[in-house]
Amino acid sequence: MHVETIQLWDESNSAHLTAYILDNSQEFKMNQNRPAVIICPGGGYLWTSDREAEPVAMRFAAQGYHVFVLRYTTHYSSRPDFQNLPPGNELSMQPQPLFDLAKAILTVRKQASEWFIHTDKIAVCGFSAGGHLAASLGAHWQDEFLAERLRVDKNLLKPNALILGYPLVDYVLMKEEAEADPSEMARGGMAYAIKAAFGTTDPAPEEMKKHSPVNFVSSNMPPTYIWHTADDQLVYAANALQLASALAKHKVPYELHVFENGVHGLSLSDETTSAEPAHVNPDCQIWVDLAMKWLSKRF
């Protein structure tokens with residue numbers, strides 16, 4: 001396996017792509033193009049989680065995928081003093097992470113011949129805030145503002161599939177659900193997610209709608225695999241249900257799995273990605289195999 005890190009922008013080092021390219025062995029599949037997966041770890045747009053990065057990449061690589069981990073722009077990568085800044089929209093990360101992901105998929109496609117990648121078999125896999133980012137590209141890849149920023153044909157920016165783990169896709173829903181939830185964790189989680197995205201705990205409803213990809217689902221959305229847990233107290237499972245409903249309305253192929261129990265941030269749900277005992281969840285571990293089977297039907 002060849003591993004290399006690629007800085008995405010000449011003018012900034014706040015975003016980079018780590019490539020895990022399988023060897024072009026003379027013993028099997030020599031010079032054959034493989035599918036690829038770009039992974040967007042979560043972290044609430046404050047950072048990108050290691051638990052949802054390389055360990056996930058290794059699982060996909062073991063199944064024959066070239067894999068890329070995107071460390072997109074976050075508050076800590078661009079403004080390390082985030083905690084000490086006053087609230088205000090100057091903290092908003094959007095839309096830079098979306099530009100980062102668009103540049104990442106463009107980079108993979110441009111170097112596809114060198115890396116032996118099938119250009120029509122590139123999936124984006126995102127967790128939590130990374131799921132929001134992946135869903136945002138799925139919803140907006142055809143929009144002119146992305147093509148203009150990168151000066152390319154918009155079709156080069158389209159993911160061929162999405163895999164979303166406990167994604168946040170509706171900020172308005174998050175705020176409403178949290179306000180109706182009596183638990184301190186729910187209210188704190190809502191404040192955390194919204195301030196990280198918008199720089200304030202009380203953004204205008206129009207801003208929240210603008211950055212909620214569920215509102216922009218269309219028939220252009222790629223096929224999507226979604227998994228969540230019903231009792232996630234940080235990002236409500238209603239996000240996954242709303243997204244699935246929107247996909248169904250627009251006749252976009254999707255698969256949805258909502259497991260009964262599990263904390264937020266499970267990643268692979270096993271010992272390889274656990275930071276605490278609750279991260280080991282045998283019932284949810286199957287999501288990886290289910291996602292692989294679903295993806296293999298398309299790739």
Side-chain angles (χ1 to χ4, degrees), residues 6-11 15-21 31-40 60 64-73 94-126 130-164 167 169 210-226 243-244 246-255 291 294-299:
I6 303 157
Q7 184 172 311
L8 289 177
W9 307 101
D10 293 337
E11 65 273 18
H16 64 267
L17 194 65
T18 301
Y20 300 84
I21 306 298
N31 296 339
Q32 290 187 27
N33 291 339
R34 295 175 181 266
V37 178
I38 300 172
I39 297 170
C40 301
F60 279 100
Y65 292 87
H66 296 308
V67 194
F68 302 83
V69 173
L70 174 62
R71 301 290 189 168
Y72 50 89
T73 303
Q94 304 301 337
Q96 187 55 48
L98 187 54
F99 291 148
D100 295 341
L101 178 53
K103 183 66 177 292
I105 198 168
L106 179 63
T107 299
V108 172
R109 284 206 165 103
K110 282 189 171 181
Q111 296 188 229
S113 59
E114 176 188 345
W115 290 332
F116 294 102
I117 290 173
H118 199 304
T119 56
D120 292 328
K121 296 181 179 180
I122 301 174
V124 178
C125 174
H132 172 271
L133 180 55
S136 295
L137 183 63
H140 294 293
W141 64 267
Q142 74 279 0
D143 292 359
E144 292 300 328
F145 77 95
L146 284 176
E148 289 175 1
R149 173 68 174 83
L150 296 171
R151 300 179 182 178
V152 294
D153 181 340
K154 60 188 177 183
N155 291 298
L156 292 173
L157 307 179
K158 182 181 181 179
N160 301 110
L162 301 176
I163 298 174
L164 308 178
V169 296
K210 178 182 176 182
H211 294 296
S212 297
V214 72
N215 296 323
F216 300 94
V217 172
S218 71
S219 59
N220 291 321
M221 196 88 164
T224 303
Y225 175 98
I226 313 162
L243 180 58
L247 293 168
K249 178 180 178 181
H250 292 280
K251 303 186 186 308
V252 176
Y254 75 94
E255 186 164 313
W294 176 85
L295 196 56
S296 69
K297 290 188 291 186
R298 279 146 187 87
F299 288 5

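Sequential numbering from 1 along the given sequence is applied to the chain's residues.
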Can you see which heavy atom on [X] is nearest to which on [Y], and at what distance?
{"X": "Val124", "Y": "Cys40", "result": "CG1-SG, 3.9 Å"}
{"X": "Tyr254", "Y": "Trp294", "result": "C-NE1, 4.5 Å"}
{"X": "Ile117", "Y": "Ala36", "result": "CG2-CB, 3.9 Å"}
{"X": "Leu295", "Y": "Ala161", "result": "CD1-CB, 3.8 Å"}
{"X": "Cys125", "Y": "Val37", "result": "CB-CG1, 3.9 Å"}
{"X": "Ala246", "Y": "Val217", "result": "O-CG1, 3.7 Å"}

Between [atom1] of [X] and [atom2] of [Y], what distance do you get to the nearest 0.5 Å?
{"X": "Leu243", "Y": "Ile226", "atom1": "CG", "atom2": "CD1", "result": "4.0 Å"}
{"X": "Ser212", "Y": "Lys210", "atom1": "OG", "atom2": "NZ", "result": "12.0 Å"}
{"X": "Phe99", "Y": "Leu106", "atom1": "CZ", "atom2": "CG", "result": "13.5 Å"}
{"X": "Arg34", "Y": "Tyr65", "atom1": "CZ", "atom2": "OH", "result": "11.0 Å"}
{"X": "Arg149", "Y": "Glu144", "atom1": "CZ", "atom2": "CD", "result": "15.5 Å"}
{"X": "Gln7", "Y": "Arg71", "atom1": "CD", "atom2": "CZ", "result": "15.5 Å"}

Less than 4.5 Å apart, any side-chain heavy atom of [X] and any of [Y]?
{"X": "Trp141", "Y": "Asn220", "result": "yes"}
{"X": "Thr18", "Y": "Phe68", "result": "no"}
{"X": "Asp100", "Y": "Trp9", "result": "yes"}
{"X": "Lys103", "Y": "Leu150", "result": "yes"}
{"X": "Leu247", "Y": "Met221", "result": "yes"}
{"X": "Pro213", "Y": "His132", "result": "yes"}
{"X": "Leu98", "Y": "Leu133", "result": "yes"}
{"X": "Ile163", "Y": "Phe60", "result": "yes"}

| field | Residues which pass side chain to side chain contact (heavy atoms under 4.5 Å, CB included) with Ser296, listed by chain and number, not counting sequence neighbours | value |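 Partners of Ser296 by the side chain to side chain contact (heavy atoms under 4.5 Å, CB included) criterion come out as none, since no residue qualifies.
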| query | His140: what forms a ring-ring contact (aromatic ring centres under 6.0 Å, His included) with it, not counting sequence neighbours? | reply |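 For His140, the residues satisfying ring-ring contact (aromatic ring centres under 6.0 Å, His included) (neighbours in sequence not counted) are Phe216.
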| task | Let me see the working for Tyr72 and Leu101 under side chain to side chain contact (heavy atoms under 4.5 Å, CB included), right down to the final yes or no. | result | CA-CA 7 Å; Tyr72 50 89; Leu101 178 53; over 6 Å; no
| query | Where do Gln142 and Lys158 land on the side chain to side chain contact (heavy atoms under 4.5 Å, CB included) test, with the steps shown first? | reply | CA-CA 7 Å; Gln142 74 279 0; Lys158 182 181 181 179; over 6 Å; no
| task | Evaluate the side chain to side chain contact (heavy atoms under 4.5 Å, CB included) criterion for residues Leu70 and Leu8: first the C-alpha distance (whole Å), next the side-chain angles of each, then the deciding distance (0.1 Å), finally the verdict. | result | CA-CA 10 Å; Leu70 174 62; Leu8 289 177; 3.5 Å; yes
| request: Ignoring hydrogens and angles, tell me if any N or O in the side chain of Lys121 forms a donor-acceptor pair with the backbone of Phe299 under 3.5 Å. | output: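 A pair under 3.5 Å: yes.
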| query | Asp153 side chain to Asn155 main-chain N or O, any donor-acceptor pair under 3.5 Å? | reply |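 Answer holds: yes.
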| query | For Asn33, which residues count as a side-chain hydrogen bond (donor to acceptor under 3.5 Å, both in side chains) partner, sequence neighbours excluded? | reply |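 Checked Asn33 against side-chain hydrogen bond (donor to acceptor under 3.5 Å, both in side chains); zero matches.
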| message | Run Tyr20 and Ile39 through side chain to side chain contact (heavy atoms under 4.5 Å, CB included) and show every step you take. | response | CA-CA 11 Å; Tyr20 300 84; Ile39 297 170; over 6 Å; no
| query | Does NZ in Lys297 sit with more than 12 non-hydrogen atoms of other residues, nucleotides or ligands closer than 6.0 Å? | reply |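 Yes.
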